[in-house]
Peer 1: 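My questions all concern the structure below.
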Number of protein chains: 4
Amino acid sequence: MPDTTRAPRQDNRRIQLLDAAAALFAEHGFHAVSMRDIARNVGMLPGSMYYHFPSKNDLLLATYEEGVRQLSQRVDLALADEDEPWARLEAACKAHAEILLNESDYAQVILSVFPRDVAAISDNLKPLRDGYEDRFRILIEALPLAADVDRNSLRLMLLGALNWSKNWYNPRHGSPREIATDMLALLKRSLV
Amino acid sequence: MPDTTRAPRQDNRRIQLLDAAAALFAEHGFHAVSMRDIARNVGMLPGSMYYHFPSKNDLLLATYEEGVRQLSQRVDLALADEDEPWARLEAACKAHAEILLNESDYAQVILSVFPRDVAAISDNLKPLRDGYEDRFRILIEALPLAADVDRNSLRLMLLGALNWSKNWYNPRHGSPREIATDMLALLKRSLV
Amino acid sequence: MPDTTRAPRQDNRRIQLLDAAAALFAEHGFHAVSMRDIARNVGMLPGSMYYHFPSKNDLLLATYEEGVRQLSQRVDLALADEDEPWARLEAACKAHAEILLNESDYAQVILSVFPRDVAAISDNLKPLRDGYEDRFRILIEALPLAADVDRNSLRLMLLGALNWSKNWYNPRHGSPREIATDMLALLKRSLV
Amino acid sequence: MPDTTRAPRQDNRRIQLLDAAAALFAEHGFHAVSMRDIARNVGMLPGSMYYHFPSKNDLLLATYEEGVRQLSQRVDLALADEDEPWARLEAACKAHAEILLNESDYAQVILSVFPRDVAAISDNLKPLRDGYEDRFRILIEALPLAADVDRNSLRLMLLGALNWSKNWYNPRHGSPREIATDMLALLKRSLV
DNA sequence: TATGAATGAGTGTTCATTCAT
DNA sequence: GATGAATGAACACTCATTCAT
């Protein structure tokens with residue numbers, strides 16, 4: 001019998017709401033999902049949601065923040081065990097692919113709802129995205145590369161290819177980790 | 001400045017409509033654009049559009065078809081002058097990047113409105129996309145590569161990275177051609 | 001080989017249009033049928049109909065007129081051979097049932113589109129209906145009946161029952177003529 | 001003058017809505033009445049109706065159900081006091097005519113909006129109509145009639161004539177009860 | 001915290017009709 | 001006689017949001 005009195009229930013409806021919103025935004029996109037859709041998914045009336053979130057945009061912003069938190073934490077955790085620069089980059093890419101393709105609707109939202117789609121809050125969304133991606137800038141900076149390799153292109157290529165993978169990913173043809181490994185292998189062959 | 005006196009007027013409103021739809025779908029996404037938005041953009045009443053297109057979905061389908069036509073024609077033209085496998089792939093990537101980032105709203109639509117976003121016609125949309133991408137499968141097949149290189153991963157990586165570039169592309173930091181060249185260079189170093 | 005040069009073609013598109021309108025009005029009702037529906041049925045564009053009929057209401061009016069013409073002609077023909085009052089009434093009822101249930105969409109329109117449904121021309125429609133029904137008033141007047149029989153009720157009952165039959169008529173359970181005969185028999189038993 | 005202070009307010013707008021819909025459907029027919037018409041009649045915005053009824057079809061279905069309820073209840077009440085078969089039939093016919101012609105817009109809807117007019121819900125509508133009409137089948141079964149009288153024709157004639165009466169009924173020329181009495185009298189003379 | 005009930009603007013779409021060609 | 005193209009109003013319906021209870 002779980003002790004429901006001790007543990008502070010601290011807004012668990014808010015979390016259900018956020019989960020439902022993330023799942024629906026990730027699957028159908030921000031504009032194709034209505035507040036009613038989300039409410040129905042958590043067994044709540046539409047009006048009731050406004051106690052928890054003042055607007056649909058705020059709901060998106062909150063999923064974004066949670067998504068960045070999850071991505072960052074997951075990648076940071078993966079980095080904790082690695083020292084060698086290439087190993088560190090590979091660990092980050094694997095974590096990125098896994099959370100994106102497998103684990104978190106929140107992460108999907110960040111990569112499928114673009115700031116420009118929601119003009120009113122695009123200024124709030126962009127820094128969240130960028131803050132996360134900075135990790136990869138640093139990881140690539142640390143790589144021992146030939147002098148003429150453009151590290152900026154490398155980062156954009158690697159992250160772009162990984163992010164786009166959600167458009168073709170099919171669990172039957174390799175795990176997220178394998179996808180990350182394969183891509184990195186292609187680049188690593190010569191760049192070292 | 002279009003020459004309205006010389007050009008035969010036949011059905012030019014349909015094309016205006018298609019152009020406006022492509023531009024708006026590319027910029028804001030399918031669901032964020034209303035039929036009224038498109039109508040306003042061409043100076044037409046909302047109801048009048050239905051003479052030219054029976055539904056919003058059909059309008060999207062028509063932009064998709066035109067987009068694929070433009071992409072294919074542009075890439076095929078670029079390939080006509082090249083014989084060497086790597087040169088052919090590079091020409092195709094440059095054409096792809098240019099039309100995507102610079103030249104055509106129609107191409108953008110194909111890469112930013114995903115079939116799954118419009119369930120009712122996703123079965124019509126998918127083959128159009130796939131038909132175009134087959135070109136790259138063939139180009140990569142023709143490359144002289146070390147035996148252990150996974151050509152499938154290579155294709156997915158290259159196209160994914162290029163397609164994602166519309167999310168960060170800024171004309172001040174290099175032309176579309178340069179982006180394509182840079183990315184290909186990163187891969188080519190070792191794979192040959 | 002029919003001689004199409006001799007016979008004046010005299011507006012045969014107009015007749016096609018009228019036929020299609022009658023069929024559709026009879027089946028779905030006036031308000032549920034659009035001008036486009038009718039146009040499509042005769043392979044014409046909606047705008048083209050306005051050469052033949054200035055408005056949808058006029059089209060209805062024309063079907064009404066033709067319906068009354070057909071009903072009247074059919075009933076008058078049936079009466080031509082009969083002299084005895086009851087036989088005359090029975091002949092009229094049979095003709096009425098047959099044309100209503102079997103033969104003419106125009107007749108159906110008159111009995112399923114009510115003047116009040118189209119307020120703007122209800123004043124034009126009502127006299128058409130009434131003019132036809134007068135025949136039955138006269139036929140019933142001629143019957144040799146007991147003094148206390150209300151001929152007005154008789155007429156309303158008989159015609160009402162016949163008109164309503166289109167709501168339950170099923171060709172498998174008796175022909176229109178049988179329906180008319182059965183109903184008249186019920187009344188005739190005692191009234192003579 | 002409704003007592004708004006005493007009556008519990010619970011869901012009274014739904015009933016107002018249903019009343020207005022019944023009145024308008026009865027007068028103009030289903031297709032000729034718009035949701036805006038109904039909303040205007042109860043002083044509500046069109047969108048607000050959808051809180052109470054999910055669609056126009058559902059609104060019709062609800063009026064149908066209420067109409068059948070009212071008809072059935074009224075007829076059953078009238079039958080409660082009668083034992084003799086002819087008296088029972090006459091009581092039912094009087095009640096039927098009164099509620100149809102005088103008392104209830106809901107009953108009118110059932111007899112003027114035909115299931116086939118609203119294809120999408122015709123399967124829901126038909127059994128409601130039929131369920132009510134079964135009462136008359138039973139009443140006529142109980143009549144002591146000559147062996148050669150077709151009870152089926154009798155039922156169809158009687159109900160058809162009564163139902164059609166709404167097309168000519170004018171309160172100045174006799175009450176609904178008188179209409180029912182007169183019609184039954186015509187049939188009863190000989191059939192006994 | 002949540003509900004019932006509403007709002008006002010907006011959605012995609014259809015309507016009868018017009019008219020230059 | 002008919003078409004291509006449009007109009008403007010209306011259609012059924014959905015939207016994000018509000019607020020008294």
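A quick note: this is a predicted structure, and the numbers were derived from the prediction, not measured. The chains referred to below are lettered A, B, ... by the order of the sequence lines, with proteins before strands, and numbering in each begins at 1.
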Peer 1: Tell me: CG of C/Leu61 to P of E/dA16, nearest whole Å?
Peer 2: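 About 17 Å, once rounded to whole Å.
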Peer 1: Please compare D/Pro54 and C/Ser48 by the position of their nearest nucleotide in DNA chain F and report the one closer to 5'.
Peer 2: C/Ser48
Peer 1: For nucleotides E/dT1 and F/dT21, find the distance between their C1' atoms and express it as a whole number of Å.
Peer 2: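 Looking at atom C1' only, E/dT1 and F/dT21 are 12 Å apart.
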Peer 1: So does B/Tyr50 get a side-chain nitrogen or oxygen closer than 4.0 Å to the phosphate oxygens (OP1/OP2) of E/dT13?
Peer 2: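 True: B/Tyr50 side-chain N/O within range (under 4.0 Å) of E/dT13 OP1/OP2.
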Peer 1: In whole Å, what is the span from the CE atom of C/Met49 to the C1' atom of E/dT18?
Peer 2: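 Distance check: C/Met49 CE to E/dT18 C1' gives 15 Å.
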Peer 1: Look at the side chain of B/Arg36 against the base of E/dG12 and say whether a donor-acceptor pair falls under 3.5 Å; ignore hydrogens and angles.
Peer 2: yes
Peer 1: Any heavy-atom pair between the side chains of B/Arg13 and B/Leu17 that's under 4.5 Å?
Peer 2: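 With C-beta onward as the side chain, the pair stays apart.
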Peer 1: Distance check needed: F/dG8 P versus B/Leu45 CG, whole Å only.
Peer 2: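 Value for this atom pair: 5 Å.
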Peer 1: Does either side chain, that of D/Tyr51 or that of D/Arg14, offer a donor lying less than 3.5 Å from an acceptor on the other one?
Peer 2: no
Peer 1: Within a strict 4.5 Å, meaning less than it, do heavy atoms of the A/Asn57 and A/Phe30 side chains meet?
Peer 2: yes
Peer 1: Looking only at side-chain atoms of C/Met35, point me to the closest of F/dT3, E/dA16, F/dA12.
Peer 2: E/dA16
Peer 1: Kindly indicate whether the side chain of A/Asp37, heavy atoms from C-beta on, has any atom under 4.5 Å from the side chain of A/Arg40.
Peer 2: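 Yes, close enough: below the 4.5 Å cut-off.
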Peer 1: Would you kindly give the CZ-to-C1' distance between C/Phe53 and E/dT17, to the nearest whole Å?
Peer 2: 16 Å
Peer 1: Between C1' on F/dA6 and CG on B/Leu17, what's the gap in Å once rounded to a whole number?
Peer 2: 12 Å
Peer 1: Find which nucleotide of DNA chain E each of D/Gly43 and B/Ser55 is nearest to by heavy atoms, and output the residue with the more 5' nucleotide.
Peer 2: D/Gly43
Peer 1: Among E/dG12, E/dA2, E/dA6, which is the nearest nucleotide to the side chain of A/His52?
Peer 2: E/dA2
Peer 1: Please determine whether a side-chain nitrogen or oxygen atom of C/Tyr51 lies at a distance below 4.0 Å from atom OP1 or OP2 of F/dA2.
Peer 2: no
Peer 1: Considering Watson-Crick and G-U wobble pairs with both distances under 3.5 Å, what does E/dA2 pair with?
Peer 2: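 In the structure as shown, E/dA2 has F/dT21 as its Watson-Crick or wobble partner.
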Peer 1: Of the options E/dG12, E/dT17, F/dT17, whose atoms approach the side-chain atoms of B/Ser34 most closely?
Peer 2: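 My answer, after comparing the listed nucleotides, is E/dG12.
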Peer 1: What is the distance, to the nearest angstrom, from the CG atom on D/Leu60 to the C1' atom on F/dA12?
Peer 2: 14 Å
Peer 1: Nearest heavy atom decides the nucleotide; on that basis, is D/His31 or B/Gly47 closer to the 5' end of DNA chain F?
Peer 2: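 Closer to the 5' end of DNA chain F: B/Gly47.
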Peer 1: Of all the choices, E/dT13, F/dT17, E/dA6, which nucleotide is nearest to the side chain of B/Pro46 once you look at every atom?
Peer 2: E/dT13
Peer 1: Need the pair for E/dC15. Rule: Watson-Crick or G-U wobble, both distances under 3.5 Å, any strand; none if unpaired.
Peer 2: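 Looking at the geometry, E/dC15 pairs with F/dG8.
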Peer 1: Whole Å only: how far is the CZ atom of A/Phe30 from the P atom of F/dC15?
Peer 2: 13 Å
Peer 1: Report yes or no: does B/Tyr106 contribute a side-chain atom to a donor-acceptor pair with the main-chain N or O of B/Asp19 at less than 3.5 Å?
Peer 2: yes
Peer 1: Is the closest side-chain heavy-atom distance between B/Leu128 and B/Ile110 below 4.5 Å?
Peer 2: no
Peer 1: As a test of reading the structure: which of F/dA2, E/dT1, E/dA2 is closest to the side chain of A/Arg13, going by heavy atoms?
Peer 2: E/dA2
Peer 1: Quickly work out the A/Lys56 NZ to F/dC15 C1' distance and round it to whole Å.
Peer 2: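 Nearest whole value for this atom pair: 9 Å.
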